[in-house]
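Every chain is numbered from 1, with letters handed out A, B, ... down the list of sequences.
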2 protein chains.
Amino acid sequence: MNIGDASKQSNLPPKTIRYYEDIGLIKPLRDANGYRSFRDRDIHKLVFLARSRALGFTIEDCRNLLALWDDQTRASADVRAIAKDHLSQIENKITDLQAIHSTLSQLVHDCAGDHRPDCPILKTLETFPKTS
Amino acid sequence: MNIGDASKQSNLPPKTIRYYEDIGLIKPLRDANGYRSFRDRDIHKLVFLARSRALGFTIEDCRNLLALWDDQTRASADVRAIAKDHLSQIENKITDLQAIHSTLSQLVHDCAGDHRPDCPILKTLETFPKTS
DNA sequence: CATAGGGATTCCAGTCACTGGAGGGTCAAG
DNA sequence: CTTGACCCTCCAGTGACTGGAATCCCTATG
């Protein structure tokens with residue numbers, strides 16, 4: 001299977017697939033003409049990567065998850081640890097964003113948003129207290 | 001005021017301050033010895049930048065906000081538009097993260113996390129339906 | 001006066017995860 | 001035989017810094 005079809009199967013752009021080969025996540029074979037030749041296993045890995053990335057795992061997370069996936073004797077606890085760690089990062093990010101959201105929506109609410117120059121948003125940006 | 005003090009006042013690392021000068025956000029004077037010399041106005045801008053970045057505005061947003069801040073005749077509506085746009089981006093990001101969070105926490109919940117190789121997380125990463 | 005330290009300067013390279021583009025080779029259809 | 005779709009590699013750019021090297025400046029101490 002050529003890269004175009006692999007792209008369709010995995011829903012990843014060809015550029016990204018080449019990049020994943022570059023950094024050693026996949027190792028497709030090569031045809032005589034130099035074209036990459038993707039086996040089922042490669043496609044499977046690409047799908048796996050697309051899913052994992054869509055869930056926000058970093059490339060290094062993906063590398064570890066793929067290694068565990070390849071290892072039939074892995075303990076599910078190892079996978080779970082990576083996922084839990086990622087989960088708590090997501091929770092932190094959501095908390096941060098919610099704090100930002102509440103500050104900013106208050107500002108937007110307070111701002112008349114008319115033609116006059118008076119603007120509480122800018123005023124606050126000058127004096128907003130330190131975020132720890 | 002030298003860059004070290006400006007760094008303390010604004011809570012931004014010196015590297016970042018130099019970077020902000022590079023990309024034209026601030027224009028500190030120079031002393032005879034070549035050291036940057038920060039006036040109150042520069043410090044004020046740095047504080048403004050630190051606040052805005054902490055609220056997740058991009059550098060380009062900050063550039064626009066600073067220009068409005070400099071412009072005493074600006075309309076508050078212009079500032080409000082930038083802030084509202086940013087706000088809706090934040091809302092989207094929170095929604096995305098919450099969806100990811102719910103998927104992933106279900107997976108973590110389903111996973112025994114023991115020494116056995118059976119792992120629903122990896123299984124799902126192979127087959128998780130497309131994210132639109 | 002030599003020197004040691006702390007701080008300042010510039011410039012180059014690296015981060016993360018791609019993405020765009022140039023310049024060229026390959027293949028199947030008409 | 002040409003067209004157009006596909007494939008290849010390599011280089012550079014993104015955003016917002018960050019790290020490090022090599023060098024310079026200032027102050028204080030022996």
Check this for me, if you would: do B/D42 and B/R39 make a salt bridge, where the nitrogen-to-carboxylate-oxygen distance has to be below 4.0 angstrom?
yes
Base versus backbone protein contacts along nucleotides 24-30 of chain C [heavy-atom cut-off under 4.0 Å; B, S, -]
-BBS---
Quick one: label B/R36 by what it contacts on the DNA or RNA (base, sugar-phosphate, nothing), any heavy atom closer than 4.0 Å.
sugar-phosphate
Rounded to whole Å, how long is the line connecting atom CG of B/N2 with atom P of C/dG6?
17 Å
Side chain of A/I3, heavy atoms from C-beta onward: which of D/dC7, C/dT9, D/dT9 has the nearest atom to it?
D/dC7
Can you see whether A/Q106 engages A/D110 through a side-chain donor-acceptor pair at a distance of less than 3.5 angstrom?
yes
Shortest side-chain distance from A/T58, nucleotide among C/dT9, C/dA17, C/dT19:
C/dA17
Rounded to whole Å, how long is the line connecting atom CD of B/E60 with atom P of D/dG15?
7 Å
When rounded to whole Å, the CZ to C1' distance for the pair B/F57 and D/dG15 reads 17 Å
Nearest-Å distance for atom pair CG/P, residues B/L29 and C/dA8
16 Å
Within the 4.0 Å heavy-atom criterion, would you say B/P14 contacts the bases, only the backbone, or no part of the nucleic acid?
nothing
Between C1' of C/dA8 and NZ of B/K8, the distance in whole Å
13 Å
Take the protein atom CG of A/D22 and the nucleotide atom P of C/dT15, then report the distance between them rounded to whole Å.
14 Å
Dump the intermediate steps for salt bridge (charged side-chain N to carboxylate O under 4.0 Å, His left out) on A/R18 and A/E21, then the final yes or no.
CA-CA 5 Å; A/R18 292 194 193 99; A/E21 185 187 10; over 6 Å; no
Just to be sure I understand the rule, does B/R53 reach a base, reach only the sugar-phosphate, or reach nothing, if contact means heavy atoms closer than 4.0 Å?
sugar-phosphate
Selected nucleotide, minimal atom distance to A/P13 side chain, candidates C/dA17, C/dT9, C/dT19:
C/dT19
Backbone of A/E91 reached by a side-chain donor or acceptor of A/T95 within 3.5 Å
yes
Basic-acidic side-chain contact under 4.0 Å: A/R116, A/D118
no
To the nearest angstrom, how far is A/E21 atom CD from D/dC7 atom C1'?
13 Å
Which part of the nucleic acid, if any, lies within reach of A/Y20 when heavy atoms closer than 4.0 Å are counted: base, sugar-phosphate only, or nothing?
sugar-phosphate
Choosing from D/dT9, D/dC17, C/dT19, which nucleotide comes nearest the side chain of B/Y19?
D/dC17
Which of the following nucleotides, C/dG20, D/dT9, C/dA8, is nearest to the side chain of A/R30?
D/dT9
Distance-only polar pair, side chains of A/Q89 and A/D85, donor-acceptor under 3.5 Å
yes
Indicate yes or no for a side-chain donor-acceptor contact from B/R74 to the backbone of A/P117 under 3.5 Å, with no hydrogens or angles considered.
yes
Specify the separation, in whole Å, of atom CD1 of B/I17 and atom P of D/dT18.
11 Å
Of the listed nucleotides C/dC18, C/dC11, D/dC8, the one nearest the side chain of B/K15
C/dC11
Looking at A/D96 and A/K93, is there a salt bridge between them, counting it only when a charged N and a carboxylate O are closer than 4.0 Å?
no
Nearest-nucleotide pick for A/T16, side chain only, options being D/dC8, C/dA8, C/dC18:
C/dC18
